Undergrad: 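My questions will all concern the structure given below.
Worth knowing before you read on, the calculation uses all heavy atoms, side chains too, and leaves out hydrogens, waters and symmetry mates. The structure presented is a predicted model; accordingly, all values stated were derived computationally and were not measured.
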Amino acid sequence: MLQALYDLFAPAAMNRLTLVVNHVLAAEPVATERLRPHAGRRIALAPRSWPSLLPPLPALAFAVTPAGLLEWVGQEAAAADAAGGQPPAADLTVRFDASNPVRLLATAISGETPAVEIDGDAQLATDVNWLMQNLRWDVEADLERFFGPAAAHQIHRMGSALARAVRKALQGATAWRPST
């Protein structure tokens, strides 16, 4: 039962995540320009030490489209694994420590770049590294399209305050060690 729910939820979640990433990429023309020359290339995110108590992550594999956006191709990797074959090789692999997902989430929420190891094509690695260092989601600009400038500013301020509180709570949770 849980596996069936996971099989339904994981691809849907990855497709939504890909839409958000593409929204952020498309908002910065220089980002898509950097990715366009890499059309057809594959990027794999490889989390290390994912906690065994949590459900496994879906395959975090993406292909660069001719438009300079990303397409989730993790379902192809999963299908190849299920068939006993080899998934297509990634042109670039980005490895990161996922042993503490709460800390990883807190790092992402704070806008910091987590420590990563990048292996593969040097030019693609340079461009992906530039994206990780420079690309940020302008939430207030997106809110402004729906609510107008004044309301968007207030919503963004409240959201920022909530994000700071969540970040502080997550940082506290990462520092917490159960007594034995």
Undergrad: Considering non-hydrogen atoms only, spot the tightest contact between P114 and L104 and give its length.
TA: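 Answer, listing the atom of P114 first, then L104: CB-CD1, 4.1 Å.
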Undergrad: Quick one: does any side-chain atom of N15 pair with a main-chain N or O of P11 as donor and acceptor, under 3.5 Å?
TA: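 Side chain of N15 to backbone of P11: a pair is present.
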Undergrad: Closest approach of A31 and L135, non-hydrogen atoms and distance?
TA: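 Scanning both residues completely, I find the closest heavy atoms to be CB-CD1, 4.0 Å.
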Undergrad: Could you pull out the closest heavy-atom pair between L57 and P47, with the gap in Å?
TA: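 In this case the closest contact between L57 and P47 is CD1-CG, 3.5 Å.
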Undergrad: Restricting to non-hydrogen atoms, name the atom on V73 and the atom on R42 that form the minimum distance, rounded to 0.1 Å.
TA: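 In this case the closest contact between V73 and R42 is CG2-NH1, 3.0 Å.
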Undergrad: Going by heavy atoms in the side chains, are S49 and D97 under 4.5 Å from each other?
TA: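 Side-chain contact under 4.5 Å: yes.
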Undergrad: Are L60 and W50 connected in the hydrophobic side-chain network, where two residues link if heavy atoms are under 4.5 Å apart?
TA: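 Same cluster.
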Undergrad: Under the side-chain contact (heavy atoms from CB on, under 4.5 Å) rule, what do L70 and V64 come out as? Steps first, then yes or no, please.
TA: CA-CA 5 Å; L70 297 177; V64 179; 4.0 Å; yes
Undergrad: Once you round to the nearest 0.5 Å, how far does CG of N134 lie from CZ of R34?
TA: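 Rounded to the nearest 0.5 Å, the CG-CZ separation comes out at 7.5 Å.
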Undergrad: Determine, using the 4.5 Å side-chain heavy-atom cutoff (strictly less than), whether L54 and F96 are members of one ILVMFWY cluster.
TA: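 Looking at the clustering, F96 is in the same group as L54.
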Undergrad: Apply side-chain contact (heavy atoms from CB on, under 4.5 Å) to residues H38 and Q123 and explain how you reach the verdict.
TA: CA-CA 9 Å; H38 304 292; Q123 186 58 48; 3.7 Å; yes
Undergrad: Test side-chain contact (heavy atoms from CB on, under 4.5 Å) on V116 and L45; report intermediate values, then the result.
TA: CA-CA 10 Å; V116 297; L45 303 179; over 6 Å; no
Undergrad: Who pairs with D119 by salt bridge (charged side-chain N to carboxylate O under 4.0 Å, His left out), at least two apart in sequence or on another chain?
TA: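 With neighbours one apart ignored, the set is R95.
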Undergrad: Minimum heavy-atom separation for A59 and W72, please, with both atom names.
TA: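 Residues A59 and W72, closest heavy atoms: O-NE1, 2.8 Å.
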Undergrad: Could you check whether any side-chain heavy atom of L35 comes within less than 4.5 Å of a side-chain heavy atom of L69, counting everything from C-beta outward?
TA: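 Contact flag for L35/L69 side chains = no.
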Undergrad: Spell out, yes or no, whether M14 and F9 are grouped together once hydrophobic residues are joined by side-chain heavy atoms under 4.5 Å, including indirect joins.
TA: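 Cluster IDs for M14 and F9 differ.
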Undergrad: Walk me through whether N22 and E71 qualify under side-chain contact (heavy atoms from CB on, under 4.5 Å).
TA: CA-CA 9 Å; N22 282 335; E71 175 185 11; over 6 Å; no
Undergrad: Please identify each residue that fulfils salt bridge (charged side-chain N to carboxylate O under 4.0 Å, His left out) with R16, with sequence neighbours left out.
TA: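 R16: no salt bridge (charged side-chain N to carboxylate O under 4.0 Å, His left out) contacts found.
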Undergrad: Treating Ile, Leu, Val, Met, Phe, Trp and Tyr as nodes and any side-chain heavy-atom pair under 4.5 angstrom as an edge, say whether F62 and M132 lie in one connected cluster.
TA: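 In one cluster with F62: M132, yes.
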Undergrad: Taking C-beta and beyond as the side chain, do I118 and T93 meet within less than 4.5 Å on heavy atoms?
TA: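 Not in contact.
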Undergrad: Show the nearest heavy-atom pair for residues D91 and G40, with the distance to one decimal.
TA: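 Result for this residue pair: OD2-O, 4.4 Å.
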Undergrad: Does any non-hydrogen side-chain atom of W130 lie less than 4.5 Å from one of V30?
TA: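 Yes, side chains in contact.
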